[in-house]
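So the structure is just underneath, and the comments pick up after that.
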2 protein chains.
Amino acid sequence: MNIIEIAKLAGVSKSTVSRYLNDGYVSEEASEKIKEVIEQTGFVPRRQAQAMRSQKTNLIGIIVPKISTETAARVIEGITNELSNAGYEVLIGNTSQSIEKEFDYLKVFKNQVDGIIFMATEITPKHYELFEQLHIPIVVVAQKVKDYPCIVHDDYHASKDAINYLIDKGHRSIGFIGVGEYDVAVGIERKKGYLDALEEQKIEAQSEYIQIGDFSHESGFNLTKHLMSLPKPPSAIFAVTDNLAIGCMEYLKENGYKIPDDVAVMGLGDIKIAAYMTPGLTTVHYHFQTMGAKSANLLMQLIQSGKESSKNYESNFIFNYRLIERDSV
Amino acid sequence: MNIIEIAKLAGVSKSTVSRYLNDGYVSEEASEKIKEVIEQTGFVPRRQAQAMRSQKTNLIGIIVPKISTETAARVIEGITNELSNAGYEVLIGNTSQSIEKEFDYLKVFKNQVDGIIFMATEITPKHYELFEQLHIPIVVVAQKVKDYPCIVHDDYHASKDAINYLIDKGHRSIGFIGVGEYDVAVGIERKKGYLDALEEQKIEAQSEYIQIGDFSHESGFNLTKHLMSLPKPPSAIFAVTDNLAIGCMEYLKENGYKIPDDVAVMGLGDIKIAAYMTPGLTTVHYHFQTMGAKSANLLMQLIQSGKESSKNYESNFIFNYRLIERDSV
DNA sequence: TTGTACGCGTTATCAT
DNA sequence: ATGATAACGCGTACAA
């Protein structure tokens, strides 16, 4: 079922049908006949053909590390809502945390979509190389990127505020559970926030209090075990993600420590589970869905501006956060 | 950058380049030149053009009620992993629980993708009408559908087993928190499981124990409040989703009831939070990700079989479940 | 207002 | 082995 068949059935030429579809000038009688035929047949113009002709795909590609992650899902929720309102459709690239797949999608989406939203963890030179080869705008979410537009949370201050909160509550020995520095936002920024907060309060950072693992749950568990086996265990533990904090709480609870009386625990991100833990996890709320919406709007704006690339985009967006006091501190 | 330019740069015709790209016979020297040019330029064939010519889009459309829902995210995770291994890309339609948007996506995807996976809640006659108009296979997930392939969990028996488990634990007065019957799987099947389990154990169902709300968290909270204000409150409560069960637990905990001593609580679905509640929520595990993977495989199989529609597909898939004993019963 | 003819990038057919 | 050409479905400049 194509536009020619519709034209035949309506007794007009395909140009007339095309005009009808695209708000062009069509006489009333032709208009009605076409309308009727289209309703009967349920005809919808093929988007691939439209894209071919117009050089606009009306498609946006999203690349995410793992779609079943709560944070990714929330970002995507924000993105898709905005985009579908604007008539865009969304192609999704789930990389399962594989950097190779990130590269693949960056290549595959290249001339298949009008723009890309890239939810990043680690940014390597190869990434920049691929960004260069893009002839469409790209917006990076969750990691700072040089020369390209990006949307991030203020990881440094969020972390710093969290530590200051712990210090305010009287803690002087604060354990830190972090992740590798390949992830700048989570691995470096949040650690720096921790270190700077201590320094400003004249508390000497102790290297044995600083534990680095991966993003897994078990990592939170095991590193807490290690912290608590120290000669002088910390009175509070800050984990750079809620997921880690939950692993941390598990260890403490299983081993009879009272939270927050024996050990206070603080996370970052405010995933849904945080509210349901016992005690409720004190953490920092991040606005992932709003962030997704913002990235979508920014991307659409870049597309409409007609630029071939979003390189050298001047301003970035740093999202605010909100400290959530619950009962684990 | 298109195939013609590559051809020019390599000093051959575009047909030769096309053959090079598609495993055709090309002389070694031509081959090498083309390879070189493609590497330099980073050329990738435009998928829209390929689709145009081949009548295959290599795209699959997924329609989900709400992407940021844990169950949906897990289903999508399963789907995308399977599909991307097979070289398909995924177009996502997030309907935000709007039935109108479901219709929209069913129309829009119609001649834009090679097949559709539809995660459904409510199936109306209008849905069937749109299914009819499809000229591509569709697989329905999470709801039974007449004449079309679908992949579901065994809601009836899952629910029944849950109730039997409660009965085994000595409960005779079991409250039920359900949802509207527009959702057949959750609203009807799970309720039937409850009723039949009681009947088989010669326990008379009491209408005041059966409370119906929506899917929200608050619903679980409020309906529990109502159940507990009954002259003779139940000794156990079964909620048809974990989300409702969690709302239920919240009410009980806030009001000083001990779980499971005063009231036992059981859910269904085994969302992540369930494991972290205190006490851990006893529930029934559903295999959402595997379900997604299965639906993807089935759809690919249908596509490869070359049928224009998946209507009258004979066999459906009913997934098993697993009872998870934790501490709320 | 309507219709004709062409082009978008690719693949398939057919000669050469 | 290679190249010219048609075809896919649609939009649009141009002619009528």
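Residue numbers start from 1 in every chain, and the chains themselves are labelled A, B, ... in the order their sequence lines are given, proteins ahead of strands. Only a predicted model underlies this, so the values are computations on that prediction, with no experimental measurement involved.
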Give a yes or no on whether the backbone of A:Gln50 and the side-chain of A:Ser54 come within a donor-acceptor separation of less than 3.5 Å.
yes
Distance-only, no hydrogens or angles: does the A:Asp114 side chain make a donor-acceptor pair with backbone N or O of A:Asn58 under 3.5 Å?
yes
Below 4.0 angstrom from OP1 or OP2 of C:dA12, is there any side-chain N or O of B:Ser18?
no
Could you check whether the rings of B:His287 and B:Phe319 sit parallel, tilted or perpendicular, using 30° and 60° as the cut-offs?
tilted
What about B:Arg53: does its side chain form a donor-acceptor pair under 3.5 Å with the base of C:dT11?
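Under the 3.5 Å cut-off, the side chain and the base do form a donor-acceptor pair.
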Would you say the side chain of A:Thr16 and the base of C:dT1 hold a donor-acceptor pair, judged only by whether the two atoms sit under 3.5 Å apart?
no
On DNA chain D, check which nucleotide each of B:Ser54 and B:Gly11 is closest to and give me the residue with the more 5' one.
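Whichever sits nearer the 5' end wins; that is B:Gly11.
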Residue met sooner reading DNA chain D from 5', once A:Asn22 and B:Tyr25 are mapped to nucleotides:
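That would be B:Tyr25.
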Reading DNA chain C from 5' onward, which residue's closest nucleotide shows up sooner: A:Met52 or A:Ala30?
A:Ala30
Could you check whether A:Gln55 gets within reach of a base, just the sugar-phosphate, or nothing at all, counting any heavy atom under 4.0 Å?
sugar-phosphate
Check every strand shown and say whether A:Tyr20 touches a base, only sugar-phosphate, or nothing at a heavy-atom separation below 4.0 Å.
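Since no nucleic acid heavy atom lies under 4.0 Å of A:Tyr20, the category is nothing.
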Could you tell me from which nucleotide to which nucleotide of DNA chain D, 5' to 3', there is an atom under 4.0 Å from chain B heavy atoms?
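Here the contact window of chain B covers D:dA1 to D:dG9.
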Which pairs would a plain distance check flag for residues 141-151 of chain A, meaning a side-chain donor or acceptor within less than 3.5 Å of a matching protein atom at least two apart in sequence or in another chain?
from: A:Gln143; atom 1: OE1; to: A:Ala185; atom 2: N; distance (Å): 3.1
from: A:Gln143; atom 1: NE2; to: A:Thr121; atom 2: O; distance (Å): 2.8
from: A:Gln143; atom 1: NE2; to: A:Asp183; atom 2: OD1; distance (Å): 2.6

Nearest-neighbour nucleotide for the B:Phe43 side chain, C:dT10, C:dC8, C:dT2 considered:
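For the B:Phe43 side chain, the nearest candidate turns out to be C:dT10.
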Can you give the donor-acceptor pairs under 3.5 Å from side chains of residues 38-46 of chain A to other protein atoms, not counting sequence neighbours?
from: A:Thr41; atom 1: OG1; to: A:Val37; atom 2: O; distance (Å): 2.8
from: A:Thr41; atom 1: OG1; to: A:Ile38; atom 2: O; distance (Å): 3.3
from: A:Thr41; atom 1: OG1; to: A:Phe43; atom 2: N; distance (Å): 3.4
from: A:Arg46; atom 1: NH2; to: A:Met1; atom 2: O; distance (Å): 3.4

Cationic tip of A:Lys311 within the cone over A:Phe131's six-membered ring, i.e. under 6.0 Å and within 45° of the normal?
no
